[in-house]
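Encoded as structure tokens, the structure appears first; notes follow it.
Atoms within each ligand, like the ligands themselves, are counted from 1 in listed order. Worth saying up front: this structure is predicted, and the values here are computed from it rather than measured.
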Amino acid sequence: MSVGGLGQDRMTGGGGPDRFVFTSTLDSMLAAPDRITDFKPGQDLLAFEGLGHKNFMWLGANGFTKLGFTQARFNDATSTMQLDVNGDGMADMAVVMDGIKAAMLSQKDFSFL
Ligand SMILES: [Ca+2]
Ligand SMILES: [Ca+2]
């Protein structure tokens, strides 16, 4: 398990299933996102705990809605996952994921507690 605490972190999970845990939007801010160097879709997990979520939706490369759902999208150009926790259509945090494209991820790569 890797915990992306406060500040800009570079995380490498290594072999086996890994959980990359974020407990606050401040853990990986838009202006200074954390970086995961070896996320393995379908095996590793982006785990968000205590952020307060509603009916999470994975959008792939599509834009955010303003429907009030917690939602995530991926920008292939910058290899960045953007998360909108409160569903207002504005990203609240971001994580750079090396070697990842939107089409490689699915809703199952995310977990919320
Ligand atoms: Ca961090
Ligand atoms: Ca938001």
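Within the coordination shell of the Ca ion (ligand 1), defined by N, O or S atoms under 3.0 Å, Leu6 is absent.
Angle O (Gly7) to the Ca ion (ligand 1) to O (Gly5): 100°, rounded to 10°. The OD1 atom of Asp34, the Ca ion (ligand 1) and the OD2 atom of Asp9 define an angle of 100° (nearest 10 degrees). With the Ca ion (ligand 2) as the vertex, OD2 of Asp92 and OD1 of Asp88 span 160° to the nearest 10°.
Electrostatic pairing of Arg73 and Asp84 does not count as a salt bridge here, judged by no charged N lying under 4.0 Å from a carboxylate O. The pair Arg35-Asp98 meets the salt-bridge criterion, since a charged nitrogen lies less than 4.0 angstrom from a carboxylate oxygen.
Side-chain contact check for Ser79 and Asn75: no donor-acceptor pair (N or O, by modelled atom type) lies under 3.5 Å.
Asp84 has its closest N, O or S atom to the Ca ion (ligand 2) at the position named OD1. Asp27 has its closest N, O or S atom to the Ca ion (ligand 1) at the position named O.
Using cut-offs of 30° and 60° for the angle between ring planes, the Phe48 and Phe110 rings count as parallel.
Looking only at distances, a side-chain donor or acceptor of Asp76 sits under 3.5 Å from a matching main-chain atom of Ala102.
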